[in-house]
Amino acid sequence: MVGPAEVIQKLVLIKQAADLHCSTINQIVIEQVAREIYDDHIERLRNAYRLRRDAMLAALADFFPPSVRWTRPQGGMFVWLELPESMDGAALLERA
């Protein structure tokens, strides 16, 4: 937090009164994680989920008929399928 020392001290007191103080060791660990490995970890996660997304999209293209449409996620990790009325989504789920 950045601000005048008097304001920060009052906010610290309010926070401590609200939750009886968080573990200092946990806070130190999280701060160190955020500073040292967070960016690399996020990049690894993005790469892993990108590979999974691409595998899912390739499988959809290979195994679903042309009448099925789907989204290509620009962010997030969910693909939305639109089935033709002739396909029963519940039956597909049970079969899967």
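Around atom CD of Glu94, no more than 12 heavy atoms belonging to other residues, nucleotides or ligands sit under 6.0 Å away. The neighbour count for Leu13 CG, taken as heavy atoms of other residues, nucleotides or ligands under 6.0 Å away, is above 12. Remark: Arg95 CZ is loosely packed, at most 12 non-hydrogen atoms of other residues, nucleotides or ligands lying under 6.0 Å away.
Linking ILVMFWY side-chain heavy atoms closer than 4.5 Å, directly or via other members, places Ile30 and Ile37 in two distinct hydrophobic clusters. Both Phe78 and Leu45 sit in one connected hydrophobic cluster of ILVMFWY residues. Membership requires side-chain heavy atoms under 4.5 Å apart, directly or through other members.
Residues Leu92 and Leu83 meet the side-chain proximity criterion, which asks for heavy atoms closer than 4.5 Å. Contact of the Arg72 side chain with the Arg53 side chain is registered, since non-hydrogen atoms from C-beta on lie closer than 4.5 Å. With contacts defined as side-chain heavy-atom distances shorter than 4.5 Å, the pair Val12/Gln16 qualifies. Within the 4.5 Å cutoff, the side chain of Val68 has no heavy atoms near those of the Leu60 side chain. Side-chain contact between Trp80 and Glu82 is present, with heavy atoms from C-beta onward closer than 4.5 Å. Side-chain contact between Asn47 and Arg44 is absent, with no heavy-atom pair separated by less than 4.5 Å.
Distance CG/Leu93 to CG/Asp88: 10.0 Å, rounded to 0.5 Å. With rounding to the nearest 0.5 Å, the separation of CE in Met56 from OH in Tyr49 is 13.0 Å. The structure places CD of Glu43 at 9.0 Å from CG of Asp39, a figure rounded to the nearest 0.5 Å.
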Between Arg35 and Glu31, is a salt bridge (charged side-chain N to carboxylate O under 4.0 Å, His left out) present by the stated rule, with each step listed?
CA-CA 6 Å; Arg35 188 169 15 91; Glu31 185 275 332; 2.9 Å; yes
